[in-house]
Amino acid sequence: MTTRAVLFDFSGTLFRLEEDESWLDDLVGEGGVPFDVAGKAEIMRRMTAPSGMISQLGDEYRDAWENRDLDPAQHRKAYLGVLLASGVPEEHARALYARLIDPDCWTPYPDAGEVLRGLRTAGIKVGVISNIAFDIRPAFDKFGFTEHVDEFLLSYEEGVIKPDQKIFLRACERLDVQPEEALMIGDSAEADGGATAVGCRFVRVDPVPTAQRPDALRAAVADLLG
């Protein structure tokens with residue numbers, strides 16, 4: 001069946017929160033002792049992928065983690081909890097969290113703009129489906145990508161998260177295509193790959209740093225753009 005729409009994940013697919021060492025230049029722990037290089041790297045890892053730490057924080061934070069992409073307040077609670085439990089002073093934790101949810105801090109993959117423009121030119125509709133608790137549209141505005149996206153479905157606005165079938169069906173309905181006519185591209189076989197349950201095709205990309213992945217999106221849609 002002809003592909004009439006492409007659905008993209010956001011984080012690790014079209015954009016990535018790149019680690020910036022300058023964010024941690026003034027970071028100190030208890031007693032004013034600076035974190036060493038390994039300590040800073042671990043703080044950054046926990047900020048971007050904190051799931052392993054959540055299990056150590058108790059039921060209250062597990063609930064916040066499980067609902068983080070449906071409620072901005074729960075998202076903030078979960079991430080600040082991890083940072084504070086890691087020994088980051090509250091002032092620094094709040095500053096780091098502010099960067100996490102700041103669209104200006106996110107970097108597009110090198111081929112993202114080219115692929116979005118190419119799909120628009122080819123007459124293929126585009127949707128962005130993200131499990132997220134803040135508005136990512138300003139990131140697309142910043143790089144001139146918004147005009148190439150037909151629909152944004154953000155979990156905290158939609159009240160549903162991937163891999164729930166409802167969000168994929170909702171995207172297809174808004175784009176006026178059948179699920180069999182849509183391709184989902186994302187970095188998570190579990191979350192994004194859930195699109196296959198409703199009939200969409202799925203291609204996984206690796207959420208590595210942007211400099212290490214120059215053309216995975218281009219390869220994913222090569223058969224559509226020629």
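In this chain, numbering begins with 1 at the start of the sequence shown.
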Query raised in the report: If you round to the nearest 0.5 Å, how far is CG of Leu7 from CZ of Phe168?
Result: 8.0 Å

Report summary line: dist Leu119:CG -> Asp150:CG (nearest 0.5 Å) comes out at 10.0 Å

Requested in this report: Determine, step by step, whether His75 and Asp69 satisfy the side-chain contact (heavy atoms from CB on, under 4.5 Å) criterion, reporting the C-alpha distance in whole Å, the side-chain angles of both residues, the deciding distance to 0.1 Å, and the verdict.
Outcome: CA-CA 6 Å; His75 188 275; Asp69 290 326; 3.9 Å; yes

Query raised in the report: Quick one: does Arg213's side chain have a donor or acceptor within less than 3.5 Å of a partner on Asp206's backbone?
Result: yes

**Report entry** Side-chain touch Trp65/Tyr79, heavy atoms, less than 4.5 angstrom
**Finding:** yes

Query raised in the report: Val115 versus Phe8: any side-chain heavy-atom pair under 4.5 Å?
Result: yes

Query raised in the report: Above 12 or not: heavy atoms from other molecules or residues under 6.0 Å from CD of Glu157?
Result: yes

**Report entry** Side-chain heavy atoms of Phe152 within contact of Arg174, under 4.5 Å
**Finding:** no

Query - Co-membership, hydrophobic cluster, residues Phe10 and Leu153, 4.5 Å side-chain - result: no

Report task. May I ask you to say whether Arg204 pairs ionically with Asp192, meaning some side-chain N is under 4.0 Å from a carboxylate O? Result -> no

**Report entry** Reported CD1-to-CD distance for the pair Ile161 and Glu66, which is rounded to 0.5 angstrom
**Finding:** 9.0 Å

Query - Salt-bridge contact Glu60-Lys77 (side-chain N to carboxylate O under 4.0 Å) - result: yes

Report task. May I ask you to test the Asp104-Arg99 pair for a side-chain heavy-atom distance under 4.5 Å? Result -> no

Query raised in the report: Can you name the closest pair of heavy atoms from Ala112 and Phe145 and give their distance?
Result: CB-CE1, 4.1 Å

Requested in this report: To the nearest 0.5 angstrom, please state how far the CG atom of Leu17 sits from the OG1 atom of Thr107.
Outcome: 7.5 Å

Query raised in the report: Is any side-chain heavy atom of Asp176 less than 4.5 Å from a side-chain heavy atom of Lys125?
Result: yes

Query raised in the report: For atom NZ of Lys142, is the number of surrounding heavy atoms from other residues, nucleotides or ligands below 6.0 Å larger than 12?
Result: yes

Requested in this report: Could you grab the distance from atom CG of Leu116 to atom CZ of Phe140, nearest 0.5 Å is fine?
Outcome: 7.0 Å

Query - Heavy-atom side-chain contact between Leu169 and Pro179 under 4.5 Å - result: yes

Requested in this report: Compare all side-chain heavy atoms of Asp102 with those of Phe134 and state whether any distance is below 4.5 angstrom.
Outcome: no

Report task. Could you state whether Ile129 and Val203 fall into the same hydrophobic cluster, counting links through intermediate Ile, Leu, Val, Met, Phe, Trp or Tyr residues with side-chain heavy atoms under 4.5 angstrom apart? Result -> no

Report summary line: In terms of heavy-atom contacts, Pro72 and Ala133 come closest through CG-O, 3.5 Å

Residues 215-226, side-chain donor-acceptor partners within the protein, below 3.5 Å, at least two apart:
| unit_1 | atom_1 | unit_2 | atom_2 | d |
| --- | --- | --- | --- | --- |
| Arg218 | NE | Glu114 | OE1 | 3.3 |
| Arg218 | NE | Glu114 | OE2 | 2.9 |
| Arg218 | NH2 | Glu114 | OE1 | 3.0 |

Report summary line: In short, Leu183 meets Phe202 closest at the heavy-atom pair CD1-N, 4.1 Å

Query raised in the report: Is there a donor-acceptor pair under 3.5 Å between the side chain of Arg170 and the backbone N or O of Glu158?
Result: yes

Query raised in the report: Between CH2 of Trp106 and CD1 of Ile136, what distance do you get to the nearest 0.5 Å?
Result: 9.0 Å

**Report entry** Sub-4.5 Å side-chain heavy-atom contact between Leu84 and Glu90
**Finding:** yes

Query - Heavy-atom pair with the smallest gap, counting every atom of Tyr109 and Pro207 - result: OH-C, 3.5 Å

Requested in this report: Would you check if the side chain of Glu151 reaches a backbone N or O of Leu175 as a donor-acceptor pair within less than 3.5 Å?
Outcome: no

Query raised in the report: Is the backbone of Leu154 close enough, under 3.5 Å, to the side chain of Ser130 for a donor and an acceptor to pair up by distance?
Result: no

**Report entry** Minimum-distance pair of heavy atoms, taken over all atoms of Val198 and Gln165
**Finding:** CG1-CB, 3.6 Å

Report summary line: Taking every heavy atom of Ala191 against every heavy atom of Lys162, the minimum-distance pair comes out as O-CB, 3.5 Å

